[in-house]
Amino acid sequence: MKILVTGGLGFIGSHTVIELQNEGYEVVIIDNCSNSSEDVLVGIENITGKAPIFEKMDLRDRSKVTNFFKKHSDIVGVIHFAASKAVGESVQIPLTYYENNIGTLVYLLQELQEKTEASFIFSSSCTVYGQADELPITEAAPVKPAESPYGNTKQIGEEIIRDTCKIAPQLKAIALRYFNPIGAHESVEIGELPLGVPQNLVPFITQTAIGLREKLSVFGDDYPTTDGTCVRDYIHVVDLAKAHVIALNRLIKNQNKSNYEVFNIGTGTGSSVLEVIQSFERVSGEKLNYAIAPRREGDVTAAFADTTLANNELGWKAELTLDNAMSSAWKWEQKVRNT
Ligand code: WQD
């Protein structure tokens with residue numbers, strides 16, 4: 001069966017393509033390479049022995065999207081990763097984020113609702129919860145007013161899918177609310193490739209350790225947490241990728257309980273920034289150069305998932321540990337810098 005993966009050359013997308021191919025699916029990737037490289041196709045083929053079909057295309061080009069679905073009319077499912085995802089940048093250029101993240105979602109859904117049957121997996125984010133009132137966070141936790149246009153595009157995206165599924169019973173959809181994806185495939189053939197200065201913690205740690213960055217700034221140690229630094233649910237990207245395949249299988253096999261479902265995808269465990277640093281130092285044997293810095297605007301104190309629904313309904317549970325993830329992230333950084 002043929003599956004479209006938009007943004008399939010990206011960090012989470014490429015790891016999901018691996019797991020889809022392992023499951024026996026035929027994969028078509030659409031990516032405009034604005035935040036990824038075609039070299040990732042080589043990594044995928046080195047891992048699975050099979051190069052996915054790749055079409056370099058911008059989903060904002062409506063006519064190209066229509067022509068694509070005419071050409072690949074045998075697509076049975078779509079996993080939609082393609083989106084702009086930098087929280088800070090979204091504050092600076094909101095309309096670019098709304099056009100790219102919302103406009104392309106609408107175009108994809110307009111094509112899918114014309115099909116007799118279609119399965120759709122949406123890349124959502126725990127950012128929709130903001131600072132949740134209760135921890136761990138369940139799917140019933142209220143969606144809070146977004147703190148950034150990026151987060152708002154995830155909230156609006158979920159609502160668009162929900163409203164479409166209400167009038168299009170032939171469309172089955174699942175939104176996966178990711179917590180913090182980190183790490184790399186054990187083969188070290190693919191991994192996270194942030195362009196420019198990394199905004200996220202783990203690539204900044206590995207780039208500091210490899211000597212690309214002078215030191216890591218820890219954004220605040222005066223939060224009401226065990227050690228004063230923020231707590232997040234860091235999930236290995238391979239565990240996250242596997243959750244996508246399980247969710248897709250659920251829809252294709254019509255095991256879904258309604259035609260729009262939402263699942264938190266995390267480990268269920270919170271780790272502080274200092275605990276992530278300690279994990280890195282443990283697995284790498286490197287001493288990390290870091291300093292406490294002022295808090296970062298918009299950061300929530302703590303967020304980690306209640307994974308009961310995904311465990312029980314999807315039959316999915318994270319298997320890899322923080323140390324696994326930090327070790328793979330470090331091996332990937334060393335590979336990319338050829339050290
Ligand atoms: C994690 C922790 C920082 C960098 C964001 C988006 C989320 C998703 C993942 C797209 C925080 C601290 C970070 C640094 C630091 N993105 N930190 N020094 O903010 O939890 O989530 O990225 O889907 O939607 O909101 O991830 O990795 O940026 O930060 O101290 O140089 O690390 O303060 O506590 P975040 P992050």
Side-chain angles (χ1 to χ4, degrees), residues 12 15-16 19-20 23 77 79-81 119-147 151 154-155 157-159 161-162 165-166 172-183 202 223-226 230-272 275-276 279 299-326:
I12 306 167
H15 285 83
T16 302
E19 302 307 327
L20 284 169
E23 188 83 355
I79 304 185
H80 181 41
F81 293 104
S119 296
F120 187 72
I121 306 291
F122 179 62
S123 167
S124 190
S125 170
C126 63
T127 204
V128 304
Y129 298 115
Q131 177 54 70
D133 302 323
E134 287 179 41
L135 294 170
I137 304 172
T138 70
E139 289 81 355
V143 170
K144 294 238 178 115
E147 310 234 346
K154 292 303 180 184
Q155 292 181 7
E158 289 191 7
E159 289 165 7
I161 297 163
R162 186 197 58 206
C165 288
K166 274 185 195 144
K172 302 165 285 182
I174 288 178
L176 297 180
R177 291 175 177 167
Y178 310 156
F179 282 69
N180 288 54
I182 62 170
V202 172
Y223 286 94
T225 61
T226 46
C230 293
V231 172
R232 296 288 185 276
D233 185 333
Y234 296 95
I235 175 167
H236 196 298
V237 65
V238 171
D239 276 329
L240 177 60
K242 288 177 176 173
H244 287 77
V245 178
I246 290 170
L248 179 71
N249 289 342
R250 175 183 175 89
L251 296 182
I252 287 180
K253 293 173 185 167
N254 294 306
Q255 293 165 340
N256 49 312
K257 294 218 166 108
S258 76
N259 73 330
Y260 176 57
E261 296 175 304
V262 175
F263 295 97
N264 287 342
I265 301 296
T267 65
T269 303
S271 300
S272 74
E275 284 169 339
V276 174
S279 169
D299 272 338
V300 297
T301 299
F304 54 95
D306 178 317
T307 58
T308 308
L309 200 60
N311 300 157
N312 296 347
E313 273 304 311
L314 290 182
W316 168 89
K317 188 166 176 52
E319 293 163 353
L320 297 164
T321 65
L322 178 63
D323 281 10
N324 291 148
M326 294 310 290

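In what follows, every heavy atom counts, from backbone to side chain, and hydrogens, waters and symmetry copies are set aside.
The existence of a salt bridge linking Lys317 and Asp239 is excluded, since no basic side-chain nitrogen approaches an acidic carboxylate oxygen closer than 4.0 Å. A salt bridge links Glu313 with Arg250: the distance from a Lys NZ or Arg NE/NH1/NH2 to an Asp or Glu carboxylate oxygen falls below 4.0 Å.
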I would like to know whether Phe179 and Thr267 meet side-chain contact (heavy atoms from CB on, under 4.5 Å); could you show each step before the answer?
-> CA-CA 8 Å; Phe179 282 69; Thr267 65; over 6 Å; no

Begin with the C-alpha distance, continue with both residues' side-chain angles, and end with the deciding distance and a verdict on side chain to side chain donor-acceptor pair (under 3.5 Å) for Asn324 and Thr321.
-> CA-CA 5 Å; Asn324 291 148; Thr321 65; 3.1 Å; yes

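For the pair Asp133 and Pro142, the tightest heavy-atom approach, listed with the atom from each and the gap, is OD2-CG, 4.4 Å. Residues Glu19 and Val238 approach most closely at OE2-CG1, 3.9 Å, considering heavy atoms. Across every non-hydrogen atom of Val276 and Ser271, the tightest pair is CG2-CB, 4.2 Å. Across all their heavy atoms, Asp233 and Gly268 have their closest contact at OD2-N, 2.9 Å. The two residues Leu135 and Ala303 have their closest heavy-atom pair at CD2-CA, 4.1 Å. Across Thr301 and Arg232, no two heavy atoms sit closer than the pair O-NH1, 3.6 Å.
Here the CG-CG distance, from Asn256 to Asn249, works out to 12.0 Å after rounding to the nearest 0.5 Å. Distance OH/Tyr234 to CD1/Ile182: 7.5 Å, rounded to 0.5 Å.
Each of His236, His244, Lys242 was scored for a side-chain contact (heavy atoms from CB on, under 4.5 Å) with Leu240, with one residue passing: His244. When each of Leu248, Val262, Ile121 is tested with Ile174 by the rule side-chain contact (heavy atoms from CB on, under 4.5 Å), just one qualifies, namely Ile121. Applying side-chain contact (heavy atoms from CB on, under 4.5 Å) to Phe263 and the options Leu176, Thr307, Asn311 leaves one that passes, Leu176.
Contact of the Ile79 side chain with the Leu20 side chain is registered, since non-hydrogen atoms from C-beta on lie closer than 4.5 Å. Side-chain contact between Leu309 and Thr138 is absent, with no heavy-atom pair separated by less than 4.5 Å. Side-chain contact between Tyr129 and Asn264: present, with at least one pair of heavy atoms (C-beta onward) separated by less than 4.5 Å. In this structure, Tyr178 and Cys126 have side chains that are not in contact, with every pair of non-hydrogen atoms separated by 4.5 Å or more. Side-chain contact check for Arg162 versus Cys165: every heavy-atom pair is 4.5 Å or farther apart. The side-chain heavy atoms of Phe120 and Ile161, taken from C-beta on, include a pair separated by under 4.5 Å. A 4.5 Å side-chain heavy-atom check between Glu158 and Arg177 finds at least one atom pair inside the cut-off. The closest side-chain heavy-atom distance from Ile137 to Asp306 is not below 4.5 Å.
Side chains of Asn259 and Lys166: no donor on one and acceptor on the other come within 3.5 Å. A donor atom on one side chain and an acceptor atom on the other are not found under 3.5 Å apart for Thr308 and Asn312.
In this structure, the side chain of Lys144 does not engage the main chain of Gly130 through any donor-acceptor pair within 3.5 Å. Looking only at distances, no side-chain donor or acceptor of Ser279 sits under 3.5 Å from a matching main-chain atom of Glu275. With hydrogens and angles ignored, the 3.5 Å screen pairs a side-chain donor or acceptor of Glu261 with a backbone N or O of Lys257.
Note: His15 and Phe81 fail the aromatic proximity criterion, with ring centroids not under 6.0 Å apart.
Annotation: cation-pi geometry satisfied between Lys154 and Phe122 (NZ/CZ under 6.0 angstrom from ring centroid, within 45° of ring axis).
With a 6.0 Å radius and a threshold of 12 heavy atoms from other residues, nucleotides or ligands, Glu159 has its CD atom above the threshold.
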